[in-house]
Structure formats: structure tokens, C-alpha cells
Amino acid sequence: MNDFATTYRTAQAGALRASAAGSRVRLAGWIHRRRDLGGLVFIDLRDRGGRVQLAFEPGTTPPDVLARARELGPEWVIGVAGLVRQRPAGNLNPELPTGEVEVVVDALQVFSASDTPPIPVARGGDDELPAEDLRLRYRYLDLRRDELQHGLHVRHRAMQCVRRHLTSEGFWEIDTPMLTRRTPEGARDYLVPSRVHPGEFYALPQSPQLYKQLLMVSGYDRYFQIARCLRDEDLRADRQPEFTQIDAELSFVAEEDVFGVGERTMAALWREILGVELSLPFPRLSYAEALARYGTDKPDLRFGMEFQDLTALLCEADFRLFAATRESGEQIRGITVPGGAALSRRELDELAAIARAAGAAGALWVKRGPDGLSGPFAKALDEGLAGRFCAAAGLADGDLFVAVIGHFRGAAAGDLSRAAVLGGAEVALDALRRHLGTRLGLRRPDAHAWAWVTGFPLFEWEPEAERVVAAHHPFTMPHPDDVARLLELTSGGPPPAGTAAFALYREGLRSRAYDAVYNGNELASGSIRIHDPALQRAVFRALGIPESEAERRFGFLLEAFRFGVPPHGGFAFGFDRLVMLLVGAPSLRDVIAFPKTTAARALFEGAPSTVADDELRELHIRTTSA
RNA sequence: GGGGCUGUAGCUCAGCUGGUUAGAGCGCCGCACUGUCACUGCGGAGGCCGAGGGUUCGAGUCCCUUCAGUCCCGCCA
């Protein structure tokens, strides 16, 4: 056990407890707050371990020390020596772990003074935080606060926990290059100019994807890395330009093997950090099922309120909007909200606005009270239809039903009309489901609803470019039931383009890609990879990538695959997001020591920055603006 | 690339339909105070109202541009 004793101190200030009473200590740290009562001065001394009260009192503290204590300001770094003693009865501070003791100081040394801090470190309970730009500009001060220190402590513990666990499952931690080759697919790369090769650039890795597959080819069997990844894309509260992944890859595995490793790792984390025992295995949910039941590939499974398709029933009603679906082929889907009839009229009106904001034409609601149904379309249901509607929707007294009309994705594969592909009424109903879940307190922070979502589509359609792209990445193994169809569609002939490509997409081919979802957050994704060169060629052909181009882009991986590839697959968990959720922080910035702003600027050190012309010349770079 | 919100004292904020000397709390400085722990009391200093332009007799307030932060859509294989 480390007691933090050094040349400057005998103990950590924040670690003092009643058991230390009676002993002499030397402490060092920052002045958190000073309370000068005239004859008597109290100072809260802070170090990484917490805070302890120092008492400067006449009689014990020498007069010159007491006088100098009056001159000290917040955030000065001092060292003191004195006696730890039990606080007088009635003067304990139950708020502080050190609150039973105090240190009566008899010697004081100032290591360094501090200017008045531009942002406060010691805050009052309900003070607002300073503006984000100031917090980032003075990050070293913000990091002194308990909340951020706690976030980084949990981050450290989580990292060690993951390393310990994966090591126990036979994984080797292997690091991979930061200077790598640009990949045209996917996110924008950060580029690094080469000085020795004029006009050539490295790219910083978006992920160690290709390297970890090469490690499998090399026979390393089980690899992991807590990997830094960099993507030059626009940011969000939960997206930073550089971020950290728990990246792992295994050989000779199928989905279930990968899921087992992933969920045992998460179970270890939740146990270590939250003391919560996750229930294993996580539920598995197909992508199609997730879309049909929740309208999203990352459903919040802490509560029900599943989508119900009542098109056939409701289009019988004497209601123009419903009847119109017989012509348009749109669907009427909705959710039953238990106890939702208690919502105010104002809240009910708000629902349509939420649906519109999410791209739907609106939302319709009906509630069931003691006197039957009421709401916008209640009158359109005659007694018989109303009865069948309540039975079908499971609508009990006090419940609310909210419906959205439109084209819903997630119908059976093969039923993907073009409108359904591009539509997205499910987005609106998902927004309503999440809104109502929050409103009714169903998204409890102490509930831990994990799931693996499987069988993601193999391809996505890019409408602007009129082409098919890999939904996950081009090395993702197609779903076994869809391989035959893929080979059939891509056998011979030129790569499909335009309508031929769209027809291929419309097949709804599935892949062996999967996500881990937690309380409505996507926290990991991965896949079983292709290890069969013929199948890989078929996928490239489907993607419209000629062999020569595939060779140019991914040559080193394809070449490696000619020399014996094991079946393999893996996952990557978003580590920053995990930590953010584990500590309940509102932003990724609170669990990263030195984060960037949403404009990808580093306010503390001032990056990015301009570079002198002669330095640019050395890198063979000429800029066109700024 | 698009949209919303924010920018007034070191910090957090108020400042009405445009009106004379721009306020509060915290912090800071000074004085008093022997059991405080967001100490308390009294006094004081502190403002280019993000920047630039415009409208007006007059702009913190209205308009345009721009910068910064933030949230969202697009984007993020």
C-alpha cells in the first residue's frame, strides 16, 4: 500500500483518517479555501487524495506562522507540519472523509504562490460551471476539480480492468502504427506530410482494422489494444476527433465466441467500477427485429413500448389520413404508452412537433379513459373498431397510443420499396418512444440493458453517388444464408452500377456484422471477417471496385490473405463513451484529460496552428488560403 | 455543409417596446472577528456589453457581417 510518503511529505492529505490522530505529519498540496476567523485560521489543503482541514491557532501555531497563514491565497502550493488530532466535539464535518480530524500546524512553507484563478477550483454546491471555452483554456485548473479527477480515475481503473481481463482470456496487447496508409473508404483521414518523400502523405489511423487482421494472418490468435483512433469528421458531445477504442480480434471464432469475450469484459468493468453484476449472456437481437420493434438499430431496452403495426385495422376507420394509406402504401404504426393518458394537453400537442422535427408529417394520439377513447382520431372508430383497436394495441384504461403514418423501414427483406429505403417514419416513432420513455421515468440510470444486435445489412445505398457501399467495411463476412445469392448476383459481368447496383442493394443481403448496444447507446461494433479470397472478390465486385483498384487500396491485406488466413473476427468498444456512461458524465470532454472543442480546436495549447513558410517548404507543401 | 442557443465585471448571470450615471451574487482588495468548513459583518476597486460595419437625435438592446463556445441534422466504412 502506497502512503505517498516522499521527501516533501509523510502522507497524503486527503487520506488522513481518525486512526492518524495523535501522529505528527508533514503534508503538501494546494490551498482549496481559507477561513480567517481573526484569532484563528482554517485552511482546506487539497491533494489528489482529497482535502483535509488545517488549523492555525494561537498557542499551538507560532505567531509568525499564523501571521503568514493570513497571507495565503487559493491555489497556492504549500507544505505544513503539525499534529493530527481529533476535532473538538460538535466540530466534525460529516461531508468530508477527513472530517473527523484536523492538522494543527506549527510549521509552514510556501512552495509557490498562485495568481487569482481565472476560473474557480473551489466551487459552491449549486454554482454554474464556467463557460466551456474557459474550462478548456484553463484545463489544468478545471482538472483540479473533484468531478474531472473522478472521471480520469475511473478511466484509469477501467483501462487496467480491461487489460487484466483480456489478458486473463489469453489476449496479447500489441500496439500498431500511428503513421499509416490513407484509406479512401470511410471517415476523412488526418494526413501527415512526408518530408523525405515529396508529395506523399501518411494518414493517422481511423482504427487498427487492417493491422489486427494481419496479426490474425500471422497467427497471433488473440490480440487487443487500447487504441487511439483519429477521424477528421464533425463532432458532437459524444464524438471527439481523437478517441480511444478497446480493439480486439480473435482467430477461429464465430459470433458467439466474440460476444462471449465482449460481454465478459463489460461484466468485469461493471463489477469493478459500479459493483453491478451484469446478467450474461446479453440478449441477441437481429437488426431486422430491432428495426421492426423499435425503429432503430440501437434500441433502449430498459423499457417496452414496442412498435405495433395497425395499418390493416386502422385503415378501416372513417378517417381521411388512415384511409389514404390504402392508396399510398404507407403504414400506420404506433406505441402503447402505459399510463400515458395522464399527460397534459400541452405535452400531447408537443408529440406532433417531436415527430415533425424527426422528419414525419406529424403524430396522432388517442387515450383511453374511463369514458372510452378520446383524442384526434377517437371519433373515427366506431364501437366495434374501438374494441378491436384496444385489444390489438393492448390499450388499457389510463394508457395512451401514439401513431405515426409513413413508410417504415424494417419490413421483411425483399419488401424494400424505394420509398421505404429512403423513408424513415421509424425515426420519428423512435424519437417519440425515447421522449415518452424519458418523460415517464422509464430510462432509469440504475438499469443496465445490454444487447448484441446482429445481422446488419451488408451494403448501404449512397443515393447521391448512386452506388452501393459496405455498411461496416469491405472485409465483413456476408451472412451464410445470403452468400449464395451474393455469388449468383456478382458472378461474371462488369461491376453493377446505377439501377443494377440498387437492385443488388434491394436484395437486403445481410452480413455478419454486429453492434453492442447499452441503454440506447451504440458502444461497440465488429464483425466476422471474410477469409475466403473468392468471396472477397465477390464483395469487391458488388461494391463496384475493380480488382486492380482493390489491389491498389488494400493490396497488402489481400496479398497476406493468399498465405493462409484463419477464420477470424473481433470488436471495438468506444472506450471514452464507456467511461462517460460509467461516471454519468454529460460529455466525452469530462473523461478525456485534454479534449478538443466541437470545432476540433485545442484551446489550451492552441492547435491547430499556422506553420512558418520555410517549414512548409521542407514538407513540400503550399497552402492556398489563410 | 445546414440549423438552434449563448457571448455584459476575474466567474455565474440580470438588464422591459432603443433613452441620460449598465446592476446583482461569488471572487478580489482593505478593516473587524478564537471553531469555521460556501465562515460572518462593514467598506472599496473592478466594464471597449465578443469583434467589425450599419440604421437612429440616441444602440448592451434593432439590422448585416464575422469570431468563439455549445447542441442538433448531414457526416462519422
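First the proteins, then the strands, lettered A, B, ... as listed; each starts at 1.
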Please measure how far the [atom1] atom in [N] lies from the corresponding atom in [M], and state the result in whole Å.
{"N": "B:rC73", "M": "B:rC16", "atom1": "P", "answer": "34 Å"}
{"N": "B:rC75", "M": "B:rA9", "atom1": "C1'", "answer": "41 Å"}
{"N": "B:rG10", "M": "B:rC29", "atom1": "C1'", "answer": "13 Å"}
{"N": "B:rC39", "M": "B:rU34", "atom1": "C1'", "answer": "13 Å"}
{"N": "B:rC31", "M": "B:rA38", "atom1": "P", "answer": "25 Å"}
{"N": "B:rC48", "M": "B:rA32", "atom1": "C1'", "answer": "38 Å"}
{"N": "B:rG44", "M": "B:rG50", "atom1": "P", "answer": "28 Å"}
{"N": "B:rC5", "M": "B:rA59", "atom1": "C1'", "answer": "23 Å"}

Taking NZ, NE, NH1 and NH2 as the nitrogens, is one of them in [X] or [Y] under 4.0 Å from a carboxylate oxygen of the other?
{"X": "A:Arg577", "Y": "A:Glu522", "result": "no"}
{"X": "A:Asp189", "Y": "A:Arg182", "result": "yes"}
{"X": "A:Glu255", "Y": "A:Arg512", "result": "yes"}
{"X": "A:Asp247", "Y": "A:Lys212", "result": "yes"}
{"X": "A:Asp532", "Y": "A:Arg537", "result": "no"}

Watson-Crick or G-U wobble partner for [N], using a 3.5 Å limit on both distances?
{"N": "B:rC76", "answer": "none"}
{"N": "B:rA45", "answer": "none"}
{"N": "B:rG7", "answer": "B:rC67"}

Base, sugar-phosphate alone, or nothing: which one does [X] contact when heavy atoms must sit under 4.0 Å apart?
{"X": "A:Pro130", "value": "sugar-phosphate"}
{"X": "A:Pro74", "value": "sugar-phosphate"}
{"X": "A:Ala471", "value": "sugar-phosphate"}
{"X": "A:Thr476", "value": "nothing"}
{"X": "A:Glu128", "value": "sugar-phosphate"}

- Spell out yes or no: do the side chain of A:Glu102 and the base of B:rG35 have one donor N/O and one acceptor N/O closer than 3.5 Å?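 It does, because a donor-acceptor pair links the side chain of A:Glu102 to the base of B:rG35 below 3.5 Å.
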- Query: Mind checking whether A:Phe571 and A:Phe573 have parallel, tilted or perpendicular rings, split at 30° and 60°?
  - Reply: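 Perpendicular: the ring planes of A:Phe571 and A:Phe573 meet at over 60°.
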- Would you please classify the geometry between the A:Trp452 ring and the A:Tyr514 ring as parallel, tilted or perpendicular, with 30° and 60° separating the classes?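 A:Tyr514 vs A:Trp452 ring planes: perpendicular.
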- Item | Partner set under side-chain contact (heavy atoms from CB on, under 4.5 Å) for A:Pro205, not counting sequence neighbours |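 Counting only residues at least two positions away or on another chain, A:Pro205 forms a side-chain contact (heavy atoms from CB on, under 4.5 Å) with A:Met178, A:Thr180, A:Leu230.
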- Query: Quick one: side-chain contact (heavy atoms from CB on, under 4.5 Å) partners of A:Thr438, sequence neighbours excluded?
  - Reply: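 Testing A:Thr438 for side-chain contact (heavy atoms from CB on, under 4.5 Å), a comparison that skips the adjacent residues, returns A:Arg443.
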- Residue pairs, two or more places apart or on separate chains, that pass salt bridge (Lys or Arg N to Asp or Glu O under 4.0 Å) and touch residues 93-105 of chain A: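 Residue pairs with at least one partner in residues 93-105 of chain A: A:Arg85-A:Glu102.
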- Query: Atom CG of A:Leu134 to atom C1' of B:rC13: distance rounded to whole Å?
  - Reply: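 My rounded result for the distance is 14 Å.
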- Atom CG of A:Leu141 to atom P of B:rG27: distance rounded to whole Å?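 Going from CG in A:Leu141 over to P in B:rG27 covers 17 Å.
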- Query: If you pin A:Leu40 and A:Gly73 to their nearest nucleotides in RNA chain B, which one's is more 5'?
  - Reply: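 This one resolves to A:Gly73.
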- A:Pro474 or A:Thr116, whichever maps to the more 5' nucleotide of RNA chain B: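 In this pair, the answer is A:Thr116.
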- Message: Treating primed atoms plus P, OP1 and OP2 as sugar-phosphate and everything else as base, which nucleotides of nucleotides 69-76 of chain B get B, S or - for protein heavy atoms under 4.0 Å?
- Response: SBSSBBBB
- Item | Under 4.0 Å protein heavy-atom contacts per nucleotide of nucleotides 37-45 of chain B, with B for base, S for backbone only and - for none | BBB------
Under 3.5 Å, sequence neighbours excluded: what are the donor-acceptor pairs made by side chains of residues 591-605 of chain A?
| from | atom 1 | to | atom 2 | distance (Å) |
| --- | --- | --- | --- | --- |
| A:Lys596 | NZ | A:Glu242 | OE2 | 2.9 |
| A:Thr597 | OG1 | A:Ala599 | N | 3.1 |
| A:Thr597 | OG1 | A:Arg601 | N | 3.2 |

